Amino acid sequence: MTLALAIHGGCGTLPKAEMTEAEWAQARSDLASALRAGWAILSKGGAAVDAVEAAVRVMEDSPHFNAGHGAAFNTEGEHELDASIMDGATLAAGAICGAKRIRNPITAAKALMLRGDPLLLAGPAADDFAEHEGVDTVANEHFSTERRRKNLASMKLREIVGTAAEASEAEKHGTVGAVACDAQGHLAAATSTGGYTNKPVGRVGDSPIIGAGTYARDGRCAVSGTGKGEYFIRYCVGHEIASLIAYKGLSLKAATDAVLAELSEHKVGAGLVAVGADGSIVAPYNTEGMYRGWVTEDGLIHVATHDHVELAGQA
Ligand code: ASP
C-alpha cells in the first residue's frame, strides 16, 4: 500500500512581503516538522489516525498557524478552539468546539473519538473532558501571539470604517489539517482551528463538523479543509468530495476541483488537502497562498507557502 501524508496550515497565508525571510523559513520548518512527526508513525506501520494527530499537534504548537498557540482572537479578545479527527477505517470520529483551555485540541478530539460517544463536545464540557482525560490544559492566554493581536485590532478598525469585507485572507483566516493513508490502506483526517479573527463569541466553524471541514472514509478519500467555514458546512465539502468519488466515479483531483470551483463562485477563500484510496494527494486552494506540505513515497518532504514548492529533506 502507498503511504501518504499531506498537511495544510491554512489558506490565509500572508503576502510574502509581510514576514521576514527568517519568519518564512521558520514557518516552512514547522511544516516540515509536522510532516516528520506524522511520517515517523506511518513509516513504522502505525495508523493513519495517529499520524494525522501527530502532524496537527506540531502545527498547533507553532505560532505561525491559526490553531492552538497562534489561534485567532474572537470579538471579546479570547480564543475559542475547534478541532476534529476521523478514522476512515471505522468512521469513528471525535470533535470539540469552543474550547478555551485545551493546549492541543486535536488530542482531546482523538480522546473523545476513542471513547466512542458522544462525538462532539462544546465549550466548558470540552475543556472539562480534556482535563478529566489528562490532556494538557493551559490558560487562554497561552494561545495569544502579537501577530493575532494586530489582526484583531485591524479587523476592529475595519469594522468601524466599514471595510471588513475587504480584509485579506491572512487578516481573517487560518486552520491546520492533515490527511493520511497508512500501510493497511486506512485513511484518516484531522483539522484544528481558532476560527477567524473577530468572530462572534460562540461561533463554530466547519473544522469540528464531520463531513464539512473533516472527513475520512476508506475506499473514498480523506479531506481536511480551510477557508470560510460557513460555506464548507453548507456544501458539506468533505462528504461531497467523497460522494463525487463514490457515486460519480470522479478522480480525487476532479472531485476536489469541482467542489473548490463551487466555493469559489461565492468569492470566499478556500483550500484543502485530500488523499485518495490509492494514496494520491491533492492540495488545491483559491487564495494567494496556502501553507501546505506532503511526503512523497520516497520519503521526501515537500513544503510550500505560495506557488513555489520546496524540498525540505528526508522525512
Ligand atoms: N475554516 C475555518 C473556520 O471557518 C477558518 C479557516 O480555515 O480559515 O473556522
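One-based numbering, in listed order, for ligands and for the atoms of each. Please read all numbers here as calculations on a predicted model, not as lab measurements.
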Q) Nearest protein heavy atom to atom 7 (O) of ligand 1, by residue and atom, and its distance? A) Thr175 OG1, 2.6 Å
Q: Answer whether the closest heavy-atom distance between the side chains of Thr193 and Asn66 falls below 4.5 Å.
A: yes
Q. What do we get for Arg203 next to ligand 1 when only non-hydrogen atoms under 4.0 Å count, side chain, backbone, both or neither?
A. side chain
Q: Could you list the atoms of ligand 1 found under 4.0 angstrom from a heavy atom of Thr226?
A: 6 (C), 7 (O), 8 (O)
Q) Is there at least one pair of N or O atoms, one from Gly227 and one from ligand 1, spaced under 3.5 Å apart? A) yes
Q. So His306 and Trp24, would you call those rings parallel, tilted or perpendicular, with 30° and 60° as cut-offs?
A. perpendicular
Q: Look at the aromatic rings of Tyr231 and His266 and report parallel, tilted or perpendicular, splitting at 30° and 60°.
A: tilted
**Q.** Polar proximity ligand 1 side, Lys228 side, N/O cut 3.5 Å exclusive
**A.** no
(Q) Is there a polar contact between ligand 1 and Asp82, counting only N or O atoms under 3.5 Å apart? (A) no
Q) Within less than 4.0 angstrom of ligand 1, does Glu230 place any heavy atom? A) no
Q. Ion pair present between Lys228 and Asp206, side-chain N to carboxylate O less than 4.0 angstrom?
A. no
Q) So, for His69 and Phe143, is the gap between ring centers shorter than 6.0 Å? A) no
Q) Short list, please: which atoms of ligand 1 are under 4.0 Å from a heavy atom of Gly195? A) 5 (C), 9 (O)
**Q.** Nitrogen or oxygen atoms of Gly174 and ligand 1 under 3.5 Å apart
**A.** yes
Q.
Within the structure provided, determine whether Asp82 and Ser192 are in side-chain contact (heavy-atom separation under 4.5 Å).
A. no
Q: Quick one: sort the Tyr291 and Phe65 rings into parallel, tilted or perpendicular, breaks at 30° and 60°.
A: perpendicular
Q) Are any of the N/O atoms in Asp206 less than 3.5 Å from those in ligand 1? A) yes
